[in-house]
Amino acid sequence: MPKQLIETQLPVASLQIGMHVIRLDRPWLETDFLLQGFIIQSQDDIRRLQMQCEYVFVEGVVEEQLLQPQHADMTTKQTKPQKVLTQRVRYINKVSMEQEFRAAKGVFREARQLSRELMNGLRFGALLNMNHAKEVVDDCVQSILRNEFALMVLTQIKNSHDYTAEHSMNVCILSATFAKHLGLSESEIQKVGLCGLLHDVGKTRIPLEILDKEGALTPEEFEIMRQHTSFGRDLLMSTPGCEHYAVDAAHSHHERITGSGYPRGLVDHQIPYYAKIVALADTYDAITSTRCYAKGRPSKDALDIIYKCRGEQFDAELALEFIQCIGIYPPGCIVEMNNGEVGIVISNNTEGKLRPKVILVLDSDKRPAPEHVVDLNLGHTDSQGQAYSVKRELPSGSFGINLQEYLDRGLRLAGFGDVESKPSKKQS
C-alpha cells in the first residue's frame with residue numbers, strides 16, 4: 001500500500017525505543033552515530049542522543065489500507081459489507097507523560113464537569129450545548145495526541161456516586177485513545193471521542209429508581225433500560241448541530257456482531273464503525289467501575305471478557321486491537337508484587353508488557369511504606385535481592401489505595417526526579 005512519511009521534531013527527553021530517527025539538530029559527522037538515520041533499539045541509544053543533541057526529527061508513517069466504512073448512515077439499510085480505502089497513521093507521543101500530566105489534569109477536570117452538567121441538565125430538560133461538547137472533546141484529543149497515557153491514568157479514578165456522568169467521560173477518553181491506536185485521522189479521533197461522550201445521553205430519560213437500582217433489574221425494568229439507546233437517538237436528533245455519527249453511536253452501541261444486540265438486532269456489517277469502537281470502551285469501563293449493583297473488577301478481567309466475546313459480541317479484529325491498546329497493566333492500575341508489596345503502575349515498557357514501572361506504596365504487610373519506583377524491565381530487586389514481578393492486578397481501591405488522593409498529593413507518574421528507584425545489584 002502507498003505510504004506517506006511524516007517528519008516530527010522531538011526533544012531528546014521524549015524519545016522512546018522503536019522511534020525512527022531521520023535527522024538530528026546538527027550534522028551527523030559531528031556525532032558518533034555511524035548511520036544517517038536509525039531506529040532506536042535501546043536505552044543506550046536514547047542516552048547517546050540525549051548527550052549529543054537537544055532535539056531530533058523522527059518519522060511517522062501514513063499507510064493506506066482497507067477498512068470497513070467509518071460510519072453507516074442510520075437512514076439507509078446496508079445489504080452487504082463494503083470496504084473503503086482509508087489511511088492509518090502511526091502516531092508518536094510528542095511529549096513525556098510527566099509533561100502532559102500537568103495539562104491532562106486540567107483537561108480531565110473540565111471534561112468531568114461538562115459530563116456532569118450535560119447529564120444533569122438533560123435530565124431536567126436543558127438543551128445540549130453541542131459546541132461546548134465538541135470543544136471539550138477536542139481538548140481531550142489534543143492531550144491524547146501529545147501523550148495518551150496521561151488521561152488514561154485519570155480514567156482509573158472511579159466514583160461510584162457519579163457513575164453515569166463519569167462513565168461517559170471515561171468512554172470519551174478511552175474511545176479517542178483507541179482511535180489513535182487504530183491510526184485514524186485527527187478529525188476522526190475527535191468524532192469518535194464525541195460519540196463516546198454522548199453514547200449514553202439516553203439514560204437521562206430513564207427513571208432514577210431503575211438507573212440507580214442496587215439489585216438486579218426485573219424483566220420489565222430491563223426493557224425500560226434498553227430503551228436508552230432509542231431515547232439517545234431521539235434526543236440527539238433533536239439537538240441543533242449534532243452530527244449523524246454521534247446519533248448512530250448512541251443508537252447502536254449495544255448492537256452485537258451476531259445480531260443478538262438491541263434495539264434493532266443489527267449484524268456485523270450493519271453496525272456503524274464508530275459504534276463498534278465505543279462498545280468496547282463502554283464495556284471495559286463498565287466492568288472496571290464500581291456501580292450501585294456491582295464492584296469494579298481488575299482491568300485484566302475486563303480484557304479477558306472482551307477477548308472471549310470477540311467475534312460474537314464485539315468485532316473480532318477491533319477487540320484484539322483494543323486489548324493491545326489498553327495493555328496488560330494499564331497506567332493507574334493497582335498491582336500486588338511477588339513479595340506482597342503493593343503499588344500503582346505508572347507506565348508501560350515497550351520492551352516488555354509484563355514488566356511495567358510501578359511506584360510501591362505499601363509494604364508486604366500492606367502497611368504504608370516510603371514510596372519508591374521499581375522498573376521491572378531493568379530487573380530492580382527488593383531488600384532480599386529478589387527481582388520484582390507482578391503477582392496480580394487488584395481492583396481499584398484495594399487496601400484503601402485511592403489514586404485520586406495520591407495524585408492530589410503530587411504523585412509523579414514519570415520522570416521520578418523526586419522518587420528514588422532501587423536498581424538491581426547488577427546495575428548499581
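Side chains included, hydrogens not; waters and symmetry mates left out as well; all remaining heavy atoms used.
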Classify the angle between the aromatic ring planes of His254 and Tyr262 as parallel (below 30°), tilted (30 to 60°) or perpendicular (above 60°).
-> parallel
Parallel, tilted or perpendicular for His167 and Tyr163, by the 30°/60° rule?
-> parallel
Residue pair Gln52 / Glu30, side-chain donor-acceptor N/O under 3.5 Å | no
Nearest 0.5 Å please: distance from the CD atom of Gln43 over to the CZ atom of Arg47.
-> 6.0 Å
Step-by-step salt bridge (Lys or Arg N to Asp or Glu O under 4.0 Å) determination, Glu317 to Lys276 | CA-CA 11 Å; Glu317 292 182 7; Lys276 292 180 178 181; over 6 Å; no
Residues Tyr274 and Ser252: side-chain donor-acceptor under 3.5 angstrom = no
Give the intermediate values and the outcome of side-chain contact (heavy atoms from CB on, under 4.5 Å) for residues Glu166 and Arg112.
-> CA-CA 6 Å; Glu166 295 207 349; Arg112 180 168 53 190; 3.2 Å; yes
Can you spot which of His132, Lys105, Met169 makes a side-chain contact (heavy atoms from CB on, under 4.5 Å) with Glu110?
-> His132
Heavy atoms only: give me the nearest Ala165-Met119 pair and the separation to one decimal.
-> CA-CG, 4.0 Å
Can you spot which of Glu321, Glu148, Glu188 makes a salt bridge (Lys or Arg N to Asp or Glu O under 4.0 Å) with Lys180?
-> Glu148
Under 4.5 Å between any side-chain heavy atoms of Glu135 and Leu114, yes or no?
-> no
Starting from the C-alpha separation in whole Å, work towards a yes-or-no answer on side-chain contact (heavy atoms from CB on, under 4.5 Å) for Leu235 and Leu198.
-> CA-CA 10 Å; Leu235 193 156; Leu198 302 178; over 6 Å; no
Test item: Ser299 and Tyr284 side chains (from C-beta on) under 4.5 Å apart, heavy atoms | yes
Side chain to side chain, Val192 and Phe178, heavy atoms closer than 4.5 Å | no
Less than 4.5 Å apart, any side-chain heavy atom of Val153 and any of Leu403?
-> yes
Within a strict 4.5 Å, meaning less than it, do heavy atoms of the Asp382 and Glu341 side chains meet?
-> yes
Contact check, side chains of Thr283 and Phe314, non-hydrogen atoms, under 4.5 Å = yes
Is it true that the NZ or CZ of Arg310 lies under 6.0 Å from the centre of Tyr307's six-membered ring and within 45 degrees of the ring axis?
-> yes
Per side chain to side chain donor-acceptor pair (under 3.5 Å), Asn170 is matched among Asp282, Thr288, Asp285 by Asp285
Does the side chain of Glu100 come under 3.5 Å of the side chain of Ser143 through a donor N or O and an acceptor N or O?
-> yes
Can Tyr273 and Asp315 be said to form a side-chain contact (heavy atoms from CB on, under 4.5 Å), step by step?
-> CA-CA 9 Å; Tyr273 186 63; Asp315 179 285; over 6 Å; no
Among Leu318, Ile323, Ile326, the one residue meeting side-chain contact (heavy atoms from CB on, under 4.5 Å) with Leu280 = Leu318
Pairing of Lys300 and Asp304 as salt bridge, 4.0 angstrom limit = yes
Does Leu184 reach the side chain of Ile277, with side-chain heavy atoms less than 4.5 Å apart?
-> yes
Could you give me the CA-CA distance, side-chain angles and deciding distance for Arg297 and Ile305, then say whether side-chain contact (heavy atoms from CB on, under 4.5 Å) is met?
-> CA-CA 11 Å; Arg297 297 168 66 177; Ile305 290 171; 3.8 Å; yes
Does Thr204 use its side chain to pair, donor to acceptor, with the backbone of Val201 at less than 3.5 Å?
-> yes
Side-chain touch Cys53/Arg26, heavy atoms, less than 4.5 angstrom = yes
dist Cys242:SG -> Lys134:NZ (nearest 0.5 Å) comes out at 7.5 Å
Lys191 side chain vs Ala246 backbone, donor-acceptor pair below 3.5 Å = no
